[in-house]
Amino acid sequence: MTAHETGSPSISPREREALAWLFRFSDWERGVGWSRDAAPEEVWKLGRTRGLLDLAGAPDRALRIVHVAGTKGKGSTVAYLEAVVLAAGWRTAVYTQPHLHEYRERIRIDGQPVDPERFADGVDRLRVLVGRFAALHPEAGAPTTFELTTVLAALLGAEAGVDLMIAEVGLGGRLDATNALDTDVAVIARIGLDHRQILGRTLAEIAGEKSAIVRPGQPVLSVRQRPSAQAVVERQCERVGAHLRTVSPLRIVLADDGSEQVVGRLASGKRFRTRPGLAQLLEGIGEHQRQNAALAVAAADALTDRGLPLTARAVEQGLAAAWLPARLELVRLRPRVLIDAAHNIDSARALAEELGHWQTRPVWLVLGILRDKDAPPILRELLPLADGVIVVTPTSPRALPAEHLGAACALIGDLPVKRSSSVAAGIAQARKLAGPDGAVVVTGSFATASEARASLGLAGVVTGAARQAWLRAGGLESEP
């Protein structure tokens with residue numbers, strides 16, 4: 001969230017006013033999940049959201065809900081699941097975070113960001129709920145923007161009459177506002193070391209926070225975690241009586257043209273085979289993408305008990321159609337320009353896996369990181385794969401100054417380090433240094449990725465359909 005969002009010329013006056021009201025409940029330094037006016041007691045971390053949901057008529061209890069937690073892979077898993085479910089014929093509401101360009105991107109109905117008027121109508125309903133809740137529970141303090149948006153997502157999904165809501169955890173799990181929702185299936189992507197100052201210093205402590213989304217009797221789908229995290233997930237599921245299934249990555253096979261595809265089998269015994277959309281333009285299909293796709297298919301399979309008419313064809317179509325902006329997003333060809341919002345060690349490792357397939361040289365990084373991230377581990381993953389790095393300060397109140405990032409790069413890597421005045425200027429500089437046969441990789445944070453996409457004319461390309469239209473119009477060959 002940045003201050004310019006309420007002043008964008010593309011936003012109608014009514015939507016601008018709705019956003020201004022929502023953002024009143026945020027701490028600008030820390031983000032939409034914090035507010036100085038929110039009571040800090042743990043009982044209210046979920047209590048405010050649950051209380052607002054109940055005052056709204058408990059819209060979440062009218063929905064089937066898949067809840068997705070983890071450190072790395074949540075967004076891709078959600079994108080694959082959404083696309084598969086849509087291909088199978090169900091309507092969807094999806095709640096994710098963060099957004100890249102406009103706040104409404106956090107709530108999608110049938111694959112599209114929620115309509116501005118529907119968004120503003122929903123915010124008007126929130127105003128009434130907040131007043132009623134404050135009168136009933138003055139000791140709870142004010143809700144946060146994230147808590148309010150969680151309620152809004154459930155409201156809009158129920159009002160649209162969707163068949164499924166997919167809710168992505170914002171931070172952790174145990175005390176995340178999404179954990180107040182009444183959910184049906186839990187999905188746990190790769191757990192790693194991130195937000196350690198909030199979630200815990202060890203992998204086991206963080207796994208305890210993230211696995212706390214599981215409910216008694218629920219199907220729980222999880223990747224094979226590292227041993228300490230795996231033990232925590234297994235104990236949590238056993239403790240509450242949830243049914244854990246550990247999901248392996250999909251296997252790779254070669255198509256007739258030599259390209260890689262993934263194969264798998266549904267619970268019905270039907271086999272599927274396709275090329276995942278999130279790897280469509282890349283050199284190979286990394287293990288992380290095969291794992292995220294497998295998690296999504298397993299979650300869809302679990303929904304067949306709840307009526308989803310899943311077929312192998314729907315899985316193939318959905319996996320192939322899935323796409324996410326700023327996740328291994330190839331946006332130019334000469335030089336090759338890739339945008340990836342890698343912002344922790346696990347996402348940096350996944351990006352490094354992709355770069356390891358590249359023969360293209362030289363590779364220049366355009367790097368902008370937030371100061372609440374542990375930069376050295378990210379740099380140790382990425383710098384060995386680069387020929388040079390340009391450090392930038394993204395437009396965020398939490399940005400790590402470029403000079404500090406540059407000093408960290410100089411300590412860790414033996415490669416040229418340059419500084420640029422902005423993300424856009426950094427990309428232009430890196431393109432010249434890389435030359436037409438080289439590559440530029442823009443990464444380090446969602447803020448950096450957002451500015452990069454905007455500077456390249458991609459702020460409006462946030463859905464798979466828009467991406468396909470952009471490709472058909474020759475977007476990869478276009479000039480920035």
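One N or O on the side chain of Ser347 and one on the backbone of Asn344 form a donor-acceptor pair closer than 3.5 Å. A donor-acceptor pair under 3.5 Å is absent between the side-chain atoms of Gln289 and the main chain of Gly286, judged by distance alone. Remark: the backbone N or O of Gln230 is not paired with any side-chain donor or acceptor of Gln225 at under 3.5 angstrom. Side chain of Arg91 to main chain of Ala160: a donor-acceptor pair is present (N/O by atom type, distance under 3.5 Å, no hydrogens or angles). In terms of modelled atom types and a separation under 3.5 Å, the side chain of Glu287 and the main chain of Pro249 share no donor-acceptor contact. Glu329 places a side-chain N or O within 3.5 Å of a backbone atom of Ala326 that can act as its donor or acceptor partner. In this structure, Ser445 contributes its side chain and Gly368 its backbone to a donor-acceptor pair below 3.5 Å. For Glu105 (side chain) and Leu100 (main-chain N/O), a donor-acceptor pair under 3.5 Å exists by modelled atom type. Side-chain atoms of Thr145 come within 3.5 Å of backbone N or O of Leu22 as a donor-acceptor pair. Judged by distance alone, the side chain of Asp301 and the main-chain N or O of Val297 form no donor-acceptor pair under 3.5 Å.
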Subject >> Derivation and outcome, side chain to side chain contact (heavy atoms under 4.5 Å, CB included), residues Leu181 and Met165 >> reply: CA-CA 10 Å; Leu181 298 168; Met165 178 177 178; 4.2 Å; yes
**OP:** For the pair Arg108 and Thr96, evaluate side chain to side chain contact (heavy atoms under 4.5 Å, CB included) and give the outcome as yes or no after the intermediate values.
**Re:** CA-CA 8 Å; Arg108 297 195 297 275; Thr96 60; 3.7 Å; yes
**OP:** Determine, step by step, whether Val223 and Leu295 satisfy the side chain to side chain contact (heavy atoms under 4.5 Å, CB included) criterion, reporting the C-alpha distance in whole Å, the side-chain angles of both residues, the deciding distance to 0.1 Å, and the verdict.
**Re:** CA-CA 7 Å; Val223 308; Leu295 264 185; 3.6 Å; yes
Original post:
Run the salt bridge (Lys or Arg N to Asp or Glu O under 4.0 Å) check on Asp176 and Lys74 step by step: do they pass?
Top reply: CA-CA 15 Å; Asp176 188 81; Lys74 299 194 303 291; over 6 Å; no
Original post:
Run the side chain to side chain contact (heavy atoms under 4.5 Å, CB included) check on Leu278 and Leu328 step by step: do they pass?
Top reply: CA-CA 8 Å; Leu278 272 70; Leu328 295 176; over 6 Å; no
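With Phe146 as the fixed residue, the ring-ring contact (aromatic ring centres under 6.0 Å, His included) test singles out one of Trp34, Tyr95, Phe25, Tyr103: Tyr95. Checked against Arg332 for a side-chain contact (heavy atoms from CB on, under 4.5 Å), the options Leu338, Ile339, Val337, Val440 give a single hit: Val337. For the side-chain contact (heavy atoms from CB on, under 4.5 Å) criterion with Ser211, the lone passing option out of Ile188, Leu244, Ile206 is Ile188.
Taking a cutoff of 4.0 Å between a charged side-chain nitrogen and a carboxylate oxygen, Arg313 and Glu316 qualify as a salt bridge. With respect to Arg327 and Asp340, no salt bridge is recorded, no charged nitrogen being found less than 4.0 Å from a carboxylate O. Salt bridge annotation for Arg275-Asp257: absent, with no cationic side-chain nitrogen under 4.0 angstrom from a carboxylate oxygen.
In this structure the side chain of Val123 reaches within 4.5 angstrom of the side chain of Leu152, judged on heavy atoms. Arg104 has its side chain out of reach of Asp115: every pair of non-hydrogen atoms, C-beta onward, lies at least 4.5 Å apart. Proximity of Arg453 to Val331: side-chain heavy atoms (C-beta onward) are nowhere separated by under 4.5 Å. When side chains are defined from C-beta on, Thr149 does not count as touching Val32, because their heavy atoms never get closer than 4.5 Å. Side chains of Val441 and Leu351 form a contact here, defined as non-hydrogen atoms less than 4.5 Å apart. Considering only heavy atoms from C-beta on, Arg190 stays 4.5 Å or farther from Thr71 through its side chain. In this structure, the side chains of Val315 and Leu266 come closer than 4.5 Å at one or more pairs of heavy atoms. Counting heavy atoms from C-beta on, the side chains of Ser396 and Leu370 come closer than 4.5 Å.
Of all heavy-atom pairs between Ile427 and Ala452, the closest is CD1-CB, 3.6 Å. For the pair Ile369 and Leu405, the tightest heavy-atom approach, listed with the atom from each and the gap, is CD1-CD1, 3.9 Å. Across all non-hydrogen atoms, the minimal contact from Ala312 to Lys270 is CB-CB, 4.0 Å. Closest heavy-atom contact between Ala459 and His101: O-CD2, 3.4 Å. Summarising the geometry of Ile345 relative to Pro377, their closest heavy-atom pair is CD1-CB, 3.7 Å, with the distance given to 0.1 Å. Of all non-hydrogen atoms in Val391 and Cys409, the two that sit nearest each other are CG1-SG, 4.1 Å.
Distance CD1/Ile412 to CG/Leu383: 6.5 Å, rounded to 0.5 Å. Considering CZ of Arg371 and CZ of Arg398, their distance stands at 8.5 Å, rounded to 0.5 Å. For the atom pair CG (Leu471) and CH2 (Trp323), the distance works out to 8.5 Å, reported to the nearest 0.5 Å. Separating the CG atom in Leu385 from the CZ atom in Arg361 is a distance of 7.0 Å, to the nearest 0.5 Å. Taken from NE2 in His357 to CD1 in Ile285, the straight-line distance is 9.5 Å, to the nearest 0.5 Å. Taken to the nearest 0.5 Å, the NE2 atom of His99 stands 7.5 Å off from the OG atom of Ser450.
Checked by atom type, the side-chain pair Glu451/Thr395 shows a donor-acceptor distance below 3.5 Å.
For Arg36, the CZ atom sits in a loose shell: 12 or fewer heavy atoms of surrounding residues, nucleotides or ligands are nearer than 6.0 Å.
For Glu477, the salt bridge (Lys or Arg N to Asp or Glu O under 4.0 Å) criterion is met by no residue, not counting sequence neighbours.
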